[in-house]
Structure formats: structure tokens, C-alpha cells
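Report on the structure given below.
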Amino acid sequence: MQTPMLDSLASHLMLYEDKFRIPCPSFFFSILGEFYKVLKSILKYSKSLRVLDLSYSNTEISKLPKAIGHLSHLRYLDISNTKICWLPKLFCKLYHLHVLNLQLCDFNELPEGMNKLTNLHHLCAESKTVSLISGIGKLLCLQELKEFHVGKKKGHKIEELKDLKELRGQLLIQNLENIDNKEEAMNAKLREKKHLDALHLYFEIKDGPVTRSGFILTRMLKVFSKSENTPNLKGLLEGHEPYCDIKELVIKGYDSDMFPSWLVYRERFTSLKSIHLSSCDKLTSLPPLGQLPSLRVLHIETLPALRKIGVELYGGVNGAVPSLEDLKLQDLKEFEEWLEVQGQRLFPCLKKLHIEQCLKLTKFALLMLNLPVTELKINSCGDLGSALPRCLQRLTSLTMLKISLPTHDISDFA
């Protein structure tokens with residue numbers, strides 16, 4: 001039976017049969033003071049709750065009452081952006097929970113048995129929090145897992161992804177260097193994740209300096225020695241072949257000079273729309289991307305060994321990368337030349353072209369073409385000679401232009 005205090009509170013709170021939400025928490029705190037005791041009483045007497053939303057509540061409570069473990073019908077729990085950083089052991093008995101939002105909560109530990117929440121579909125939390133869950137691979141219904149950090153300990157290895165076949169949207173896998181070999185990498189069975197739209201594969205990196213334009217340049221953290229224990233990075237990436245219908249692919253920190261075969265034999269990825277290669281120190285060339293019919297975005301950043309770009313982006317009946325709209329080349333220290341191939345129709349749909357921190361670049365074939373570019377940004381590049389002013393005359397569709405060259409004054413092109 002509810003107390004008079006709870007009856008009074010119910011007139012202000014959204015408490016309707018199976019839902020509880022605080023629309024304006026600061027109002028109640030000024031009246032009631034000890035919110036934790038109030039919440040504890042509500043949970044005790046509202047065992048039919050299916051939705052509990054405490055997000056963005058301006059409270060000082062740091063833990064949820066143990067009574068939450070008795071809400072056997074609870075389907076949705078949102079404590080995002082609160083100071084809650086502790087969950088009771090009984091929390092793992094919420095077997096029917098579908099949605100759990102822990103974003104912007106500073107957890108240092110979670111109760112053992114979080115992998116017993118076998119009906120969980122959506123887990124919204126920072127990577128630090130997710131990495132506290134041992135054996136996350138038992139959450140077979142999980143559809144949303146933004147980020148997974150590969151560890152060395154049992155319960156945190158790449159094999160945890162093996163049976164999570166319902167994952168969808170975007171998946172970022174961090175710390176791939178913690179995998180020992182190709183066979184172990186294949187345990188993730190990414191090729192069977194049919195619902196994934198975007199796959200981000202990161203080897204361990206660290207942030208570099210922030211440029212004047214505000215971009216953070218990433219660098220590979222050299223964690224490998226040249227001993228026989230050094231993992232075969234090409235093999236590791238080989239074992240992470242995504243499903244053929246993937247839309248977005250990001251590879252960062254890959255420290256090998258060879259691409260995996262699944263990226264070379266690109267005819268499988270006819271739906272691939274976006275590729276981002278970053279901080280790949282040893283790559284001297286790009287994978288053959290010229291025949292990807294759906295590719296719209298191509299970003300190449302921080303490839304210090306790349307010197308030339310050419311034939312890998314040419315080929316195909318409809319010209320090179322016929323759907324490309326956004327091309328970005330940034331922080332390519334040794335990049336000198338974009339090779340021209342006669343008779344090729346290049347990027348007929350290109351709208352955005354950014355070339356930044358390519359100090360040795362002196363020859364760039366794209367500047368000689370009539371392209372439908374609306375946004376052009378050239379920053380800290382080599383001496384492009386007379387090609388640049390002639391390029392500006394050709395780009396009649398420009399709506400945004402930014403040029404900053406180390407050896408020229410912009411007034412030279414007036």
C-alpha cells in the first residue's frame with residue numbers, strides 16, 4: 001500500500017500503470033530532498049513497471065536501489081547522463097530487459113552476470129562500460145553494440161562476437177592487435193553479420209597533435225617488436241571480412257604493406273558507399289577501388305608511405321568510381337603525384353574535394369578536369385604551378401572555396 005508521500009508524488013510524476021519518468025526532477029528535489037528514498041519506495045510498490053526513465057535527472061544519487069532487481073517485467077531502463085555509477089547484484093535478474101541506456105554514466109565496475117540479460121536488444125553505453133561486461137557474447141538478442149574492445153582475457157576476446165548475429169547499424173572493433181592470428185580473428189564471424197551497415201576496424205592508436213583546422217591527426221602506437229611473436233597484421237585483417245552488403249568500412253592503424261584479399265577482390269562489395277583509411281603507416285598504394293559502383297565517400301588520411309595514386313582508382317565501363325561525391329586526402333607526407341591515365345572518365349559525380357597537408361604534392365590530374373565540384377579545399381600542399389588557376393576556371397559550380405598554400409599568396413590567383 002502506497003504512503004501519503006507517494007500519493008502526493010504521483011500527481012507530479014509520470015506514473016501510469018507501467019511507466020515511470022521524471023519530467024522535471026529539480027522541482028521534486030526542492031520539495032522532497034532525499035530522492036533515493038522516494039525512488040526506493042516507488043520501485044518497491046510498482047512491480048509492474050515496464051519502462052523506467054531517469055535520464056538527465058539532476059540528482060545526486062550514485063546507485064540504483066536493490067528493489068530494481070524485483071521489477072521482473074521491466075523492458076526499458078534509461079539512466080543516461082546521471083551520476084549513477086553502481087548497479088546492485090540483483091540487477092542481473094532483469095531477464096526481460098530489452099533496452100539498457102548507460103550513456104554518460106561513469107561506471108568502474110558492473111555486477112557479475114550482466115551476460116544473463118539474454119533478452120537485451122539495445123545496449124547503449126561508452127566503450128569503457130561495455131568492456132566491463134565479461135562474456136557479452138551470451139547476449140544473443142543484442143542488436144545494438146556500438147563498440148567492442150578486444151582483450152586478452154577469457155570473456156573479452158574477439159570470439160565474443162561469434163554468435164551475435166543480430167547486430168545491426170555500426171560496429172567499431174578496437175584493439176585488434178590483441179588477436180594472435182587469422183584463425184582467432186575469424187572467430188568473430190563478421191561475414192555472417194548480415195544486418196551490419198558499417199564496420200570500423202581499429203588497431204591501437206593514439207591521438208596526435210591537433211591541427212589549426214581542428215582535426216586530430218592519429219598515429220600508430222608501435223606496440224609490436226620484430227620478434228617471432230609479432231602478429232601477422234594482414235592475417236588479422238584477412239580474418240575480419242565483413243558481410244558483402246556492408247555500406248561503410250573504416251580501417252585505422254593497420255601497420256602492414258599488404259591488403260587483405262577480400263578488399264582486393266572488391267567485386268563482392270557492390271553496396272559499399274564509404275571507405276576511410278587512416279594511420280596505415282606502411283601502405284605504399286591504395287587497394288583497387290576503381291570498380292566499386294556505389295562508392296560515394298573516400299577519405300585517405302595519414303598514410304606516410306603513400307607516394308602516388310593512379311591505376312588503382314581507374315578502370316570500369318562507366319569510368320573510375322562512377323558514384324564518388326566526396327574525396328579527401330589529408331596528411332600524406334610523401335604523396336607526390338596523382339597519375340593521369342588517358343581515356344579515363346574520372347569521378348563524374350564528384351562534389352567535395354579536400355586536399356590537406358600534402359606538402360610534396362606537385363602534380364594532381366583531377367585539377368585538369370571539368371568536374372561538378374561545389375566544395376574545394378586545398379591546404380598546405382606543394383607547388384601545383386599553373387594547374388591551380390586553370391582549375392579554378394574550370395570549376396564553374398563552386399559554392400565554397402578555401403585555398404592555403406605554403407608557397408603562394410592567394411592574391412596570385414586574383
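Every heavy atom of this structure was used, including side-chain atoms; hydrogens, water molecules and symmetry mates were not.
Identified under the side chain to side chain donor-acceptor pair (under 3.5 Å) test for residues 86-97, with sequence neighbours left out: none. Listed by first and then second residue, the salt bridge (Lys or Arg N to Asp or Glu O under 4.0 Å) pairs involving residues 77-87 are Glu60-Lys83 (not counting sequence neighbours). Residue pairs meeting the side chain to side chain donor-acceptor pair (under 3.5 Å) criterion with at least one partner in residues 153-166, sequence neighbours excluded, are Glu166-Arg168.
Partners of His121 by ring pair (Phe, Tyr, Trp, His ring centres under 6.0 Å), not counting sequence neighbours, listed by chain and number: His98. Residues that satisfy the salt bridge (Lys or Arg N to Asp or Glu O under 4.0 Å) test with Lys116, not counting sequence neighbours, are absent from this structure. Here Lys63 pairs with nothing under the side-chain hydrogen bond (donor to acceptor under 3.5 Å, both in side chains) rule; sequence neighbours left out. Partners of Arg307 under the salt bridge (Lys or Arg N to Asp or Glu O under 4.0 Å) rule, at least two apart in sequence or in another chain, are Glu334, Glu336. In this structure Asp257 satisfies the salt bridge (Lys or Arg N to Asp or Glu O under 4.0 Å) test with no other residue, sequence neighbours excluded. By the ring pair (Phe, Tyr, Trp, His ring centres under 6.0 Å) test, His276 pairs with His299, sequence neighbours left out. Residues satisfying the side-chain hydrogen bond (donor to acceptor under 3.5 Å, both in side chains) test with Glu375, not counting sequence neighbours, are His354.
Heavy atoms only, all atoms of each residue included: Leu359 and Ser380 are closest at CD2-O, 3.2 Å. Of all the heavy atoms in Phe259 and Pro287, the pair that sits closest is CZ-CD, 3.0 Å. In terms of heavy-atom proximity, Cys349 sits nearest to Pro372 at C-CG, 4.0 Å. Contact detail for Pro304 and Cys280: the closest heavy-atom pair is CD-O, 4.1 Å. Nearest heavy atoms, His240 versus Trp262: O-CZ2, 3.8 Å. Residues Lys40 and Ala67 share a closest heavy-atom pair of O-CB, 4.3 Å.
Looking at heavy atoms from C-beta onward, His73 lies in side-chain contact with Arg75 at the 4.5 angstrom threshold. You'll find the side chain of Leu123 reaches within 4.5 Å of the side chain of Leu142, heavy atoms only. Put simply, the side chain of Cys381 reaches to within 4.5 Å of the side chain of Cys358, judged on heavy atoms. Looking at Asp326 and Arg296, their side chains never come closer than 4.5 Å, going by heavy atoms from C-beta outward. With a 4.5 Å cut-off on side-chain heavy atoms, Leu117 and Phe91 count as touching. Between Leu283 and Leu306, every side-chain heavy-atom pair lies at or beyond the 4.5 Å cut-off. With a 4.5 Å cut-off on side-chain heavy atoms, Thr374 and Leu398 do not count as touching. The shortest distance between side-chain heavy atoms of Ile136 and Phe148 falls below 4.5 Å.
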For residues 127-135, tabulate all N or O donor-acceptor pairs below 3.5 Å that involve a side-chain atom, not counting sequence neighbours.
{"from": "Ser127", "atom 1": "OG", "to": "Glu147", "atom 2": "OE2", "distance (Å)": "3.3"}
{"from": "Ser127", "atom 1": "OG", "to": "His149", "atom 2": "NE2", "distance (Å)": "3.4"}
{"from": "Lys128", "atom 1": "NZ", "to": "Asp106", "atom 2": "OD1", "distance (Å)": "2.9"}
{"from": "Lys128", "atom 1": "NZ", "to": "Asn108", "atom 2": "OD1", "distance (Å)": "3.2"}
{"from": "Ser131", "atom 1": "OG", "to": "Ser127", "atom 2": "O", "distance (Å)": "3.3"}
{"from": "Ser131", "atom 1": "OG", "to": "Lys128", "atom 2": "O", "distance (Å)": "2.7"}

Output side-chain donor-acceptor pairs under 3.5 Å for residues 242-251, partner residues at least two apart or in another chain, one line each.
{"from": "Asp245", "atom 1": "OD1", "to": "Ser271", "atom 2": "OG", "distance (Å)": "2.7"}
{"from": "Asp245", "atom 1": "OD2", "to": "Lys247", "atom 2": "NZ", "distance (Å)": "3.4"}
{"from": "Lys247", "atom 1": "NZ", "to": "Asp245", "atom 2": "O", "distance (Å)": "3.2"}
{"from": "Glu248", "atom 1": "OE2", "to": "His200", "atom 2": "NE2", "distance (Å)": "2.6"}

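Ion pairing of Asp180 with Lys152 is present here, as a side-chain N (NZ or NE/NH1/NH2) and a carboxylate O approach within less than 4.0 Å.
Around CE of Met114, the count of heavy atoms belonging to other residues, nucleotides or ligands within 6.0 Å exceeds 12. The neighbour count for Glu183 CD, taken as heavy atoms of other residues, nucleotides or ligands under 6.0 Å away, is above 12.
Note that the CG atom of Leu167 and the CD atom of Glu192 stand 12.0 Å from one another [nearest 0.5 Å]. In this structure, CD in Glu325 is found 11.5 Å from OG in Ser274, a value given to the nearest 0.5 Å. Summarising the geometry, atom CG belonging to Leu161 is positioned 10.0 Å from atom CG belonging to Asn187; distances are rounded to the nearest 0.5 Å. The structure places CG of Asp53 at 8.5 Å from CG of Asn101, a figure rounded to the nearest 0.5 Å. In this structure, CD in Glu204 is found 5.5 Å from CG in Asn175, a value given to the nearest 0.5 Å. In this structure, CG on Leu54 lies 7.5 Å from CD1 on Ile68, to the nearest 0.5 angstrom.
Asn81 and Ser55 are not linked by any side-chain donor-acceptor pair at a separation below 3.5 angstrom, with hydrogens and angles left out of the test. At a cut-off of 3.5 Å, with distance as the only test, a side-chain donor of Glu238 or Ser261 sits close to an acceptor on the other residue.
The aromatic rings of Tyr254 and Phe203 are tilted relative to each other, their planes meeting at an angle between 30° and 60°.
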**Study point:** Residues Ile355, Asn379; criterion side chain to side chain contact (heavy atoms under 4.5 Å, CB included); working and verdict
**Key:** CA-CA 6 Å; Ile355 313 169; Asn379 178 35; over 6 Å; no
Check your understanding: Are Cys105 and Ile79 close enough, and set up right, to give a side chain to side chain contact (heavy atoms under 4.5 Å, CB included), and what steps lead you there?
Key -> CA-CA 8 Å; Cys105 294; Ile79 59 172; 4.2 Å; yes
Practice item. List the steps and the verdict of side chain to side chain contact (heavy atoms under 4.5 Å, CB included) for Val99 and Leu77. Key: CA-CA 6 Å; Val99 179; Leu77 175 62; over 6 Å; no
Review point. Does the side chain to side chain contact (heavy atoms under 4.5 Å, CB included) test come out yes or no for Ile158 and Glu184, once each step is laid out?
Key: CA-CA 7 Å; Ile158 191 66; Glu184 184 180 348; 3.8 Å; yes
